[in-house]
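Everything below concerns the one structure shown next.
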Amino acid sequence: MTERRSSLAFRLFAGAAAWALVLLLLGAIALTTLYQRSILRTLDDRLTSVVGALVAAVEVDAAGDVLLARRPSDPAYGRVFSGRYWQIVDDDGSADGGEVLAVSRSLWDEVLVPGNALLDRLRAEPGAVVIMDTKGPSGEPLRLTGQAVQLSDRPGLVVFMAAEDRRPADRDVRTFAITSGLMFLGFAAAIAAGVFFQVRIGLAPVLRMRDRVAEVREGQAERVDGTFPAELQPLADELNAMLDHSRELVERSRTHVGNLAHALKTPIAVLTNEARTSQGPLADLVERQTGIMAEQVEHHLRRARAAAHAKAVGARTDIAPTVDDLVRTLGKINAARALTITADVPGDLRFRGERQDLEEMVGNLMDNACKWARGTVRVSAERTDERNLAILIEDDGPGLDEGEAQSALQRGVRLDEKAPGSGLGLAIVSDLAHAYGGELTLSRSELGGLSARIDLPATSR
(Lines give C-alpha, C1' and ligand atoms only; values in the text may rest on other atoms or scores of the structure.)
Protein backbone atom coordinates (compact mmCIF):
# COMPACT_ATOMS: atom_id res chain seq x y z
CA MET A 1 0.00 0.00 0.00
CA THR A 2 1.64 3.19 -1.13
CA GLU A 3 -0.74 5.53 0.64
CA ARG A 4 -0.84 5.32 4.39
CA ARG A 5 -4.42 5.25 5.62
CA SER A 6 -5.48 5.57 9.23
CA SER A 7 -7.37 2.65 10.77
CA LEU A 8 -11.06 2.76 11.62
CA ALA A 9 -10.23 2.33 15.31
CA PHE A 10 -7.88 5.32 15.24
CA ARG A 11 -10.42 7.51 13.45
CA LEU A 12 -13.19 6.59 15.90
CA PHE A 13 -10.89 7.14 18.87
CA ALA A 14 -9.49 10.42 17.52
CA GLY A 15 -12.94 11.75 16.64
CA ALA A 16 -14.49 10.91 20.01
CA ALA A 17 -11.44 12.13 21.96
CA ALA A 18 -11.26 15.41 20.01
CA TRP A 19 -14.99 16.06 20.48
CA ALA A 20 -14.77 15.30 24.22
CA LEU A 21 -11.69 17.54 24.55
CA VAL A 22 -13.47 20.44 22.80
CA LEU A 23 -16.54 20.06 25.01
CA LEU A 24 -14.43 19.88 28.17
CA LEU A 25 -12.40 22.91 27.10
CA LEU A 26 -15.57 24.89 26.45
CA GLY A 27 -16.92 23.70 29.80
CA ALA A 28 -13.78 24.85 31.59
CA ILE A 29 -13.96 28.26 29.92
CA ALA A 30 -17.66 28.60 30.74
CA LEU A 31 -17.14 27.63 34.39
CA THR A 32 -14.20 30.00 34.75
CA THR A 33 -16.29 32.83 33.28
CA LEU A 34 -19.16 32.10 35.64
CA TYR A 35 -16.80 31.96 38.61
CA GLN A 36 -15.23 35.29 37.59
CA ARG A 37 -18.66 36.89 37.37
CA SER A 38 -19.55 35.48 40.76
CA ILE A 39 -16.37 36.86 42.34
CA LEU A 40 -16.90 40.30 40.80
CA ARG A 41 -20.56 40.29 41.80
CA THR A 42 -19.58 39.60 45.40
CA LEU A 43 -16.99 42.39 45.23
CA ASP A 44 -19.50 44.80 43.71
CA ASP A 45 -22.10 43.94 46.34
CA ARG A 46 -19.56 44.66 49.09
CA LEU A 47 -18.62 48.02 47.59
CA THR A 48 -22.29 48.92 47.01
CA SER A 49 -22.94 48.16 50.67
CA VAL A 50 -20.08 50.49 51.68
CA VAL A 51 -21.45 53.27 49.46
CA GLY A 52 -24.91 52.75 50.98
CA ALA A 53 -23.46 52.97 54.47
CA LEU A 54 -21.68 56.23 53.57
CA VAL A 55 -24.90 57.72 52.19
CA ALA A 56 -26.81 56.64 55.27
CA ALA A 57 -24.18 58.12 57.63
CA VAL A 58 -23.81 61.52 55.89
CA GLU A 59 -25.14 64.66 57.56
CA VAL A 60 -25.19 68.33 56.61
CA ASP A 61 -24.57 70.85 59.41
CA ALA A 62 -25.98 74.36 59.69
CA ALA A 63 -23.10 75.78 57.68
CA GLY A 64 -23.85 73.33 54.86
CA ASP A 65 -20.74 71.24 55.44
CA VAL A 66 -20.91 67.48 54.92
CA LEU A 67 -20.19 65.36 58.00
CA LEU A 68 -20.13 61.61 58.60
CA ALA A 69 -21.96 60.40 61.67
CA ARG A 70 -20.00 57.14 61.52
CA ARG A 71 -17.35 55.65 59.27
CA PRO A 72 -17.22 52.13 57.80
CA SER A 73 -16.15 49.71 60.50
CA ASP A 74 -13.84 47.59 58.30
CA PRO A 75 -10.29 48.07 59.71
CA ALA A 76 -8.85 47.81 56.19
CA TYR A 77 -10.15 51.34 55.52
CA GLY A 78 -7.91 52.56 58.34
CA ARG A 79 -4.67 51.01 57.04
CA VAL A 80 -2.65 53.09 54.62
CA PHE A 81 -2.87 51.78 51.05
CA SER A 82 -4.61 48.62 52.22
CA GLY A 83 -6.42 48.25 48.90
CA ARG A 84 -9.81 49.31 50.26
CA TYR A 85 -10.80 52.97 49.93
CA TRP A 86 -13.77 55.30 50.10
CA GLN A 87 -14.16 58.94 49.14
CA ILE A 88 -16.83 61.68 49.14
CA VAL A 89 -16.65 64.44 46.50
CA ASP A 90 -18.67 67.62 46.12
CA ASP A 91 -19.46 67.55 42.41
CA ASP A 92 -19.21 70.97 40.90
CA GLY A 93 -19.52 69.79 37.32
CA SER A 94 -15.83 70.12 36.54
CA ALA A 95 -13.71 67.50 34.79
CA ASP A 96 -11.87 66.47 37.99
CA GLY A 97 -15.13 66.00 39.92
CA GLY A 98 -14.83 68.89 42.34
CA GLU A 99 -13.76 69.26 45.95
CA VAL A 100 -12.95 66.15 48.00
CA LEU A 101 -15.05 66.35 51.19
CA ALA A 102 -13.85 63.21 52.98
CA VAL A 103 -11.60 60.19 52.31
CA SER A 104 -10.70 56.99 54.10
CA ARG A 105 -7.45 56.90 56.07
CA SER A 106 -6.25 54.15 53.74
CA LEU A 107 -5.88 56.74 50.95
CA TRP A 108 -3.50 58.82 53.09
CA ASP A 109 -2.68 61.86 50.97
CA GLU A 110 -4.00 60.40 47.69
CA VAL A 111 -7.43 60.62 46.14
CA LEU A 112 -9.47 58.42 43.85
CA VAL A 113 -9.67 59.62 40.27
CA PRO A 114 -13.09 58.56 38.98
CA GLY A 115 -12.57 59.59 35.36
CA ASN A 116 -14.87 61.43 33.00
CA ALA A 117 -16.86 58.36 31.95
CA LEU A 118 -17.87 57.57 35.53
CA LEU A 119 -18.70 61.21 36.36
CA ASP A 120 -20.80 61.57 33.23
CA ARG A 121 -22.83 58.49 34.08
CA LEU A 122 -23.26 59.57 37.72
CA ARG A 123 -24.43 63.03 36.68
CA ALA A 124 -26.78 61.60 34.10
CA GLU A 125 -28.37 59.16 36.55
CA PRO A 126 -28.43 60.63 40.09
CA GLY A 127 -29.14 57.95 42.69
CA ALA A 128 -28.06 55.08 40.42
CA VAL A 129 -25.12 52.86 41.41
CA VAL A 130 -22.40 52.86 38.75
CA ILE A 131 -19.54 50.32 38.67
CA MET A 132 -16.29 50.72 36.73
CA ASP A 133 -12.61 49.70 36.74
CA THR A 134 -9.91 52.30 37.45
CA LYS A 135 -6.39 52.67 38.88
CA GLY A 136 -5.46 53.05 42.55
CA PRO A 137 -2.88 55.18 44.34
CA SER A 138 -0.12 52.71 43.57
CA GLY A 139 -1.31 51.99 40.05
CA GLU A 140 -3.08 48.82 41.13
CA PRO A 141 -6.31 47.86 39.34
CA LEU A 142 -9.37 48.93 41.34
CA ARG A 143 -13.02 47.97 41.21
CA LEU A 144 -14.90 51.22 41.92
CA THR A 145 -18.55 51.76 42.80
CA GLY A 146 -20.06 55.27 42.79
CA GLN A 147 -23.37 56.94 43.51
CA ALA A 148 -24.35 60.59 43.05
CA VAL A 149 -26.81 61.84 45.70
CA GLN A 150 -28.67 65.12 46.03
CA LEU A 151 -28.46 66.11 49.73
CA SER A 152 -30.87 68.53 51.34
CA ASP A 153 -29.59 72.03 51.97
CA ARG A 154 -26.93 71.58 49.24
CA PRO A 155 -27.30 72.85 45.70
CA GLY A 156 -25.14 70.31 43.87
CA LEU A 157 -24.62 66.58 43.80
CA VAL A 158 -22.41 64.75 46.26
CA VAL A 159 -20.60 61.70 44.85
CA PHE A 160 -19.94 58.75 47.16
CA MET A 161 -17.29 56.25 45.99
CA ALA A 162 -15.88 53.00 47.36
CA ALA A 163 -13.10 51.04 45.70
CA GLU A 164 -11.17 47.83 46.29
CA ASP A 165 -8.05 46.28 44.80
CA ARG A 166 -9.25 43.60 42.38
CA ARG A 167 -5.96 41.69 42.21
CA PRO A 168 -6.96 39.19 44.94
CA ALA A 169 -10.16 38.49 43.00
CA ASP A 170 -8.20 38.07 39.77
CA ARG A 171 -5.80 35.67 41.56
CA ASP A 172 -8.75 33.60 42.75
CA VAL A 173 -10.08 33.46 39.21
CA ARG A 174 -6.69 32.40 37.82
CA THR A 175 -6.31 29.75 40.49
CA PHE A 176 -9.78 28.45 39.71
CA ALA A 177 -9.01 28.44 35.97
CA ILE A 178 -5.77 26.48 36.45
CA THR A 179 -7.37 24.03 38.87
CA SER A 180 -10.42 23.49 36.69
CA GLY A 181 -8.19 23.19 33.62
CA LEU A 182 -6.11 20.46 35.25
CA MET A 183 -9.23 18.69 36.44
CA PHE A 184 -10.77 18.81 32.99
CA LEU A 185 -7.53 17.56 31.46
CA GLY A 186 -7.73 14.65 33.86
CA PHE A 187 -11.33 14.11 32.83
CA ALA A 188 -10.28 14.28 29.17
CA ALA A 189 -7.58 11.66 29.73
CA ALA A 190 -10.05 9.41 31.54
CA ILE A 191 -12.63 9.88 28.78
CA ALA A 192 -10.00 9.21 26.10
CA ALA A 193 -8.99 5.99 27.86
CA GLY A 194 -12.64 4.99 28.13
CA VAL A 195 -13.24 5.75 24.46
CA PHE A 196 -10.12 3.77 23.51
CA PHE A 197 -11.24 0.67 25.37
CA GLN A 198 -14.79 1.12 24.12
CA VAL A 199 -13.57 1.31 20.52
CA ARG A 200 -11.32 -1.71 20.99
CA ILE A 201 -14.12 -3.72 22.54
CA GLY A 202 -16.65 -2.49 19.98
CA LEU A 203 -14.37 -3.31 17.03
CA ALA A 204 -13.16 -6.63 18.44
CA PRO A 205 -15.64 -8.64 16.29
CA VAL A 206 -14.50 -6.74 13.17
CA LEU A 207 -10.85 -7.46 13.97
CA ARG A 208 -11.72 -11.09 14.64
CA MET A 209 -13.45 -11.33 11.27
CA ARG A 210 -10.39 -9.73 9.64
CA ASP A 211 -8.20 -12.45 11.16
CA ARG A 212 -10.58 -15.20 9.95
CA VAL A 213 -10.52 -13.76 6.41
CA ALA A 214 -6.71 -13.60 6.54
CA GLU A 215 -6.60 -17.26 7.58
CA VAL A 216 -8.74 -18.16 4.56
CA ARG A 217 -6.50 -16.11 2.26
CA GLU A 218 -3.37 -17.77 3.63
CA GLY A 219 -4.87 -21.24 3.27
CA GLN A 220 -5.14 -21.92 7.01
CA ALA A 221 -8.94 -22.23 6.84
CA GLU A 222 -11.58 -22.80 4.17
CA ARG A 223 -14.38 -20.66 5.62
CA VAL A 224 -14.89 -17.58 7.78
CA ASP A 225 -15.89 -19.41 10.94
CA GLY A 226 -16.75 -17.89 14.30
CA THR A 227 -19.52 -16.23 16.27
CA PHE A 228 -20.14 -12.64 15.24
CA PRO A 229 -22.66 -9.96 16.28
CA ALA A 230 -25.97 -9.73 14.43
CA GLU A 231 -24.65 -6.79 12.39
CA LEU A 232 -21.62 -8.75 11.12
CA GLN A 233 -23.03 -12.26 10.76
CA PRO A 234 -24.68 -11.49 7.37
CA LEU A 235 -21.30 -10.28 6.10
CA ALA A 236 -19.63 -13.50 7.24
CA ASP A 237 -22.37 -15.52 5.51
CA GLU A 238 -21.89 -13.55 2.28
CA LEU A 239 -18.12 -14.07 2.42
CA ASN A 240 -18.59 -17.81 2.88
CA ALA A 241 -21.06 -17.90 -0.01
CA MET A 242 -18.54 -16.03 -2.18
CA LEU A 243 -15.77 -18.49 -1.20
CA ASP A 244 -18.00 -21.45 -2.06
CA HIS A 245 -18.85 -19.86 -5.41
CA SER A 246 -15.16 -19.20 -6.11
CA ARG A 247 -14.25 -22.84 -5.41
CA GLU A 248 -17.11 -23.97 -7.61
CA LEU A 249 -15.88 -21.78 -10.47
CA VAL A 250 -12.33 -23.09 -10.08
CA GLU A 251 -13.47 -26.70 -10.13
CA ARG A 252 -15.69 -26.01 -13.14
CA SER A 253 -12.75 -24.37 -14.94
CA ARG A 254 -10.52 -27.35 -14.19
CA THR A 255 -13.18 -29.69 -15.54
CA HIS A 256 -13.56 -27.67 -18.72
CA VAL A 257 -9.78 -27.52 -19.15
CA GLY A 258 -9.55 -31.29 -18.78
CA ASN A 259 -12.38 -31.86 -21.24
CA LEU A 260 -10.76 -29.53 -23.74
CA ALA A 261 -7.41 -31.25 -23.34
CA HIS A 262 -9.01 -34.64 -23.99
CA ALA A 263 -11.04 -33.33 -26.95
CA LEU A 264 -8.01 -31.78 -28.68
CA LYS A 265 -5.23 -34.19 -27.84
CA THR A 266 -6.97 -37.25 -29.21
CA PRO A 267 -7.52 -35.88 -32.77
CA ILE A 268 -4.02 -34.44 -32.83
CA ALA A 269 -2.55 -37.77 -31.70
CA VAL A 270 -4.51 -39.58 -34.46
CA LEU A 271 -3.22 -37.16 -37.12
CA THR A 272 0.35 -37.51 -35.81
CA ASN A 273 0.23 -41.31 -35.89
CA GLU A 274 -1.26 -41.32 -39.39
CA ALA A 275 1.46 -38.94 -40.61
CA ARG A 276 4.19 -41.11 -39.10
CA THR A 277 2.90 -44.20 -40.89
CA SER A 278 2.84 -42.40 -44.25
CA GLN A 279 5.60 -41.27 -46.53
CA GLY A 280 6.09 -38.09 -48.51
CA PRO A 281 6.26 -34.32 -48.08
CA LEU A 282 2.62 -34.07 -47.00
CA ALA A 283 3.11 -36.55 -44.17
CA ASP A 284 6.22 -34.71 -42.97
CA LEU A 285 4.35 -31.39 -43.07
CA VAL A 286 1.38 -32.82 -41.16
CA GLU A 287 3.68 -34.36 -38.55
CA ARG A 288 5.52 -31.08 -37.98
CA GLN A 289 2.35 -29.00 -37.78
CA THR A 290 0.54 -31.44 -35.47
CA GLY A 291 3.61 -31.39 -33.23
CA ILE A 292 3.41 -27.60 -33.08
CA MET A 293 -0.33 -27.81 -32.45
CA ALA A 294 0.19 -30.24 -29.57
CA GLU A 295 2.78 -27.99 -28.00
CA GLN A 296 0.58 -24.91 -28.38
CA VAL A 297 -2.45 -26.72 -26.95
CA GLU A 298 -0.40 -27.89 -23.97
CA HIS A 299 0.96 -24.39 -23.47
CA HIS A 300 -2.44 -22.70 -23.42
CA LEU A 301 -4.00 -25.43 -21.29
CA ARG A 302 -1.28 -24.88 -18.71
CA ARG A 303 -1.97 -21.15 -18.77
CA ALA A 304 -5.70 -21.79 -18.26
CA ARG A 305 -5.02 -24.15 -15.36
CA ALA A 306 -2.62 -21.65 -13.80
CA ALA A 307 -5.13 -18.82 -14.12
CA ALA A 308 -7.79 -20.95 -12.42
CA HIS A 309 -5.36 -21.93 -9.64
CA ALA A 310 -4.20 -18.35 -9.15
CA LYS A 311 -7.79 -17.18 -8.57
CA ALA A 312 -8.40 -19.90 -5.99
CA VAL A 313 -8.51 -18.54 -2.46
CA GLY A 314 -6.43 -20.29 0.18
CA ALA A 315 -3.96 -22.25 -1.99
CA ARG A 316 -0.51 -22.55 -0.36
CA THR A 317 2.58 -24.66 -1.02
CA ASP A 318 5.73 -25.25 1.04
CA ILE A 319 8.65 -24.38 -1.22
CA ALA A 320 11.43 -26.34 0.49
CA PRO A 321 9.90 -29.86 0.02
CA THR A 322 8.95 -29.07 -3.58
CA VAL A 323 12.48 -27.91 -4.45
CA ASP A 324 14.05 -30.88 -2.61
CA ASP A 325 11.95 -33.30 -4.65
CA LEU A 326 13.03 -31.61 -7.89
CA VAL A 327 16.68 -31.67 -6.81
CA ARG A 328 16.51 -35.43 -6.19
CA THR A 329 14.68 -36.12 -9.46
CA LEU A 330 16.97 -34.02 -11.64
CA GLY A 331 20.01 -35.39 -9.81
CA LYS A 332 19.03 -38.92 -10.82
CA ILE A 333 18.26 -37.88 -14.41
CA ASN A 334 21.65 -36.15 -14.76
CA ALA A 335 23.64 -38.66 -12.71
CA ALA A 336 25.87 -39.50 -15.68
CA ARG A 337 27.01 -35.86 -15.92
CA ALA A 338 27.95 -35.67 -12.22
CA LEU A 339 26.17 -32.32 -11.75
CA THR A 340 26.19 -30.68 -8.33
CA ILE A 341 22.63 -29.45 -7.60
CA THR A 342 22.22 -27.57 -4.32
CA ALA A 343 19.20 -25.90 -2.70
CA ASP A 344 19.05 -23.24 0.02
CA VAL A 345 15.37 -22.61 0.84
CA PRO A 346 14.00 -21.51 4.26
CA GLY A 347 11.65 -24.06 5.74
CA ASP A 348 8.95 -21.51 6.60
CA LEU A 349 8.70 -20.03 3.10
CA ARG A 350 5.37 -20.77 1.40
CA PHE A 351 4.11 -19.97 -2.09
CA ARG A 352 0.52 -18.70 -2.28
CA GLY A 353 -0.53 -21.01 -5.10
CA GLU A 354 -0.81 -24.62 -6.29
CA ARG A 355 2.07 -27.08 -5.90
CA GLN A 356 1.81 -28.36 -9.49
CA ASP A 357 2.27 -24.82 -10.82
CA LEU A 358 5.29 -24.26 -8.58
CA GLU A 359 6.75 -27.55 -9.80
CA GLU A 360 6.06 -26.51 -13.40
CA MET A 361 7.88 -23.19 -13.02
CA VAL A 362 10.85 -24.26 -10.88
CA GLY A 363 11.14 -27.62 -12.64
CA ASN A 364 11.35 -26.01 -16.09
CA LEU A 365 14.03 -23.57 -14.93
CA MET A 366 16.05 -26.23 -13.10
CA ASP A 367 15.82 -28.57 -16.09
CA ASN A 368 17.01 -25.76 -18.35
CA ALA A 369 19.90 -25.00 -15.96
CA CYS A 370 20.90 -28.67 -15.89
CA LYS A 371 20.98 -28.79 -19.72
CA TRP A 372 23.45 -25.91 -19.94
CA ALA A 373 25.42 -26.19 -16.70
CA ARG A 374 29.01 -27.35 -16.81
CA GLY A 375 28.93 -28.79 -13.31
CA THR A 376 26.92 -26.68 -10.83
CA VAL A 377 23.26 -25.71 -10.44
CA ARG A 378 22.20 -23.67 -7.41
CA VAL A 379 18.64 -22.97 -6.20
CA SER A 380 17.86 -20.41 -3.48
CA ALA A 381 14.79 -18.61 -2.20
CA GLU A 382 14.06 -15.69 0.10
CA ARG A 383 11.21 -13.52 1.27
CA THR A 384 11.39 -10.07 -0.36
CA ASP A 385 8.62 -8.55 1.77
CA GLU A 386 5.59 -9.57 3.81
CA ARG A 387 3.61 -10.69 0.76
CA ASN A 388 6.24 -11.71 -1.82
CA LEU A 389 9.15 -14.09 -2.33
CA ALA A 390 11.85 -14.71 -4.93
CA ILE A 391 13.27 -18.02 -6.20
CA LEU A 392 16.68 -17.92 -7.89
CA ILE A 393 18.00 -20.72 -10.18
CA GLU A 394 21.66 -20.29 -11.27
CA ASP A 395 24.10 -22.34 -13.29
CA ASP A 396 27.72 -22.12 -14.41
CA GLY A 397 26.98 -22.58 -18.11
CA PRO A 398 27.60 -20.13 -20.96
CA GLY A 399 24.70 -17.85 -19.94
CA LEU A 400 22.92 -15.27 -22.12
CA ASP A 401 23.54 -11.68 -22.98
CA GLU A 402 20.78 -9.05 -22.52
CA GLY A 403 19.36 -9.41 -26.02
CA GLU A 404 19.32 -13.21 -25.86
CA ALA A 405 17.64 -13.08 -22.43
CA GLN A 406 14.79 -10.99 -23.86
CA SER A 407 14.40 -13.30 -26.87
CA ALA A 408 14.42 -16.43 -24.71
CA LEU A 409 11.20 -15.35 -22.99
CA GLN A 410 9.32 -15.24 -26.29
CA ARG A 411 7.16 -18.25 -27.04
CA GLY A 412 8.71 -20.79 -29.42
CA VAL A 413 12.11 -19.09 -29.64
CA ARG A 414 15.08 -21.50 -29.42
CA LEU A 415 18.52 -19.97 -29.16
CA ASP A 416 20.20 -23.31 -29.95
CA GLU A 417 18.38 -25.54 -32.43
CA LYS A 418 20.69 -28.46 -31.51
CA ALA A 419 19.43 -28.57 -27.94
CA PRO A 420 16.29 -30.65 -27.30
CA GLY A 421 13.03 -28.85 -26.57
CA SER A 422 10.25 -26.83 -28.14
CA GLY A 423 11.27 -23.36 -27.03
CA LEU A 424 8.17 -23.05 -24.84
CA GLY A 425 9.74 -23.75 -21.43
CA LEU A 426 10.73 -20.22 -20.41
CA ALA A 427 7.61 -18.75 -21.99
CA ILE A 428 5.46 -21.17 -20.00
CA VAL A 429 7.26 -20.20 -16.78
CA SER A 430 6.80 -16.51 -17.56
CA ASP A 431 3.09 -16.99 -18.30
CA LEU A 432 2.56 -18.98 -15.10
CA ALA A 433 4.38 -16.35 -13.06
CA HIS A 434 2.26 -13.56 -14.57
CA ALA A 435 -0.90 -15.55 -13.83
CA TYR A 436 0.00 -15.28 -10.13
CA GLY A 437 0.94 -11.62 -10.40
CA GLY A 438 4.66 -12.44 -10.45
CA GLU A 439 7.50 -12.07 -12.96
CA LEU A 440 10.37 -14.03 -14.49
CA THR A 441 13.64 -12.17 -15.11
CA LEU A 442 16.89 -13.46 -16.65
CA SER A 443 20.36 -12.09 -15.93
CA ARG A 444 23.99 -13.11 -15.50
CA SER A 445 24.68 -15.44 -12.57
CA GLU A 446 27.51 -15.11 -10.06
CA LEU A 447 28.49 -18.63 -11.15
CA GLY A 448 29.09 -17.30 -14.67
CA GLY A 449 26.01 -18.74 -16.38
CA LEU A 450 22.32 -17.87 -16.42
CA SER A 451 20.42 -16.55 -13.41
CA ALA A 452 16.64 -17.03 -13.58
CA ARG A 453 14.63 -15.23 -10.88
CA ILE A 454 10.91 -15.77 -10.27
CA ASP A 455 9.03 -13.27 -8.09
CA LEU A 456 5.88 -14.85 -6.68
CA PRO A 457 3.27 -14.13 -3.98
CA ALA A 458 4.00 -15.56 -0.54
CA THR A 459 1.83 -16.36 2.45
CA SER A 460 2.31 -14.35 5.62
CA ARG A 461 4.56 -15.73 8.33
Side-chain angles (χ1 to χ4, degrees), residues 299 302-303 306 317-331 333-334 337-353 355 357-385 387-458:
H299 166 68
R302 285 173 177 170
R303 285 195 63 183
T317 302
D318 290 322
I319 295 180
T322 304
V323 173
D324 290 342
D325 291 344
L326 290 171
V327 168
R328 284 192 296 270
T329 300
L330 291 172
I333 294 175
N334 296 277
R337 298 178 56 198
L339 289 179
T340 301
I341 306 175
T342 61
D344 180 16
V345 179
D348 61 345
L349 199 56
R350 295 179 180 87
F351 163 57
R352 186 157 52 83
R355 178 185 175 103
D357 292 328
L358 181 64
E359 289 177 341
E360 183 80 22
M361 291 183 285
V362 178
N364 259 308
L365 294 176
M366 291 180 64
D367 181 55
N368 185 73
C370 289
K371 288 178 182 178
W372 296 100
R374 295 187 176 93
T376 302
V377 174
R378 185 170 65 190
V379 183
S380 60
E382 63 178 355
R383 183 182 294 274
T384 56
D385 56 45
R387 293 289 183 181
N388 295 282
L389 60 86
I391 303 175
L392 198 64
I393 296 94
E394 303 173 277
D395 63 67
D396 59 350
L400 300 174
D401 59 32
E402 185 176 350
E404 291 173 334
Q406 294 295 328
S407 299
L409 295 178
Q410 298 177 13
R411 189 163 47 250
V413 173
R414 297 175 58 189
L415 299 179
D416 189 346
E417 296 294 334
K418 298 179 181 179
S422 60
L424 291 173
L426 292 178
I428 289 174
V429 174
S430 180
D431 289 340
L432 284 172
H434 279 100
Y436 281 98
E439 185 181 10
L440 169 64
T441 55
L442 304 178
S443 61
R444 177 68 65 175
S445 167
E446 294 179 355
L447 300 177
L450 182 66
S451 172
R453 173 186 170 122
I454 324 174
D455 290 286
L456 295 171

Worksheet item: Where do Val327 and Met366 land on the side chain to side chain contact (heavy atoms under 4.5 Å, CB included) test, with the steps shown first?
Response: CA-CA 8 Å; Val327 168; Met366 291 180 64; 3.7 Å; yes

Worksheet item: If we only count heavy atoms from C-beta on, is the Leu392 to Glu394 side-chain gap below 4.5 Å?
Response: yes

Worksheet item: Should Ile454 and Glu439 be marked as a side chain to side chain contact (heavy atoms under 4.5 Å, CB included) after you check the CA-CA gap, both sets of side-chain angles, and the distance that decides it?
Response: CA-CA 6 Å; Ile454 324 174; Glu439 185 181 10; over 6 Å; no

Practice prompt. Could you tell me whether the side chain of Asp385 and the main chain of Asn388 form a donor-acceptor pair under 3.5 Å?
Written response: yes

Response to the item:
Between Ser443 and Leu450 the two heavy atoms that sit nearest each other are O-CD1, 3.6 Å

Item to complete: Using a strict cut-off of less than 4.0 Å between a Lys/Arg side-chain nitrogen and an Asp/Glu carboxylate oxygen, indicate whether Asp367 and Lys371 qualify as a salt bridge.
Response: yes

Item to complete: Looking only at non-hydrogen atoms, find the nearest pair between Arg350 and Leu389 and report the distance.
Response: O-CD2, 3.5 Å

Worksheet item: Can you find a heavy atom in the side chain of Thr342 that is under 4.5 Å from one in the side chain of Val379?
Response: no

Discussion item. Tell me whether Thr376 contacts the main-chain N or O of Thr340 through its side chain, where contact means a donor paired with an acceptor under 3.5 Å.
Written reply: no

Worksheet item: Of all heavy-atom pairs between Ala433 and Met361, which one has the smallest distance, and what is that distance?
Response: N-SD, 3.7 Å

Practice prompt. Could you walk me through whether Asp395 and Leu447 pass side chain to side chain contact (heavy atoms under 4.5 Å, CB included), step by step?
Written response: CA-CA 6 Å; Asp395 63 67; Leu447 300 177; 5.7 Å; no

Discussion item. Checking the side chain of Asn364 only, and the main-chain atoms of Glu360 only, is there a donor and an acceptor separated by less than 3.5 Å?
Written reply: yes

Worksheet item: Can you tell me how far the CG atom of Leu456 sits from the CD1 atom of Ile319, to the nearest 0.5 Å?
Response: 7.0 Å

Worksheet, complete the sentence: Value for CG (Leu442) from CG (Leu365), rounded to nearest 0.5 Å, stands at 8.0 Å

Item to complete: Looking only at non-hydrogen atoms, find the nearest pair between Pro346 and Ala381 and report the distance.
Response: CD-O, 3.3 Å

Item to complete: Might you work through the side chain to side chain contact (heavy atoms under 4.5 Å, CB included) test for Ser380 and Val345, ending with a clear yes or no?
Response: CA-CA 5 Å; Ser380 60; Val345 179; over 6 Å; no

Response to the item:
Residue set satisfying side-chain hydrogen bond (donor to acceptor under 3.5 Å, both in side chains) with Thr322, at least two apart, ordered chain then number -> Arg355

Worksheet item: To the nearest 0.5 Å, how far apart are CD in Glu359 and CZ in Phe351?
Response: 11.0 Å

Discussion item. Under a 4.0 Å threshold between the charged nitrogen and the carboxylate oxygen, would Asp396 count as salt-bridged to Arg374?
Written reply: no

Worksheet entry | Residue pair Trp372 / Pro398: nearest heavy atoms and the distance that separates them | O-CD, 3.5 Å

Worksheet item: Which atom names give the shortest non-hydrogen contact between Ile341 and Cys370, and what distance separates them?
Response: CD1-SG, 3.8 Å

Fill in: salt bridge (charged side-chain N to carboxylate O under 4.0 Å, His left out) involving Arg453 - partner list, sequence neighbours excluded
Asp455

Worksheet item: To the nearest 0.5 Å, what is the distance between OH (Tyr436) and CG (Leu358)?
Response: 8.5 Å

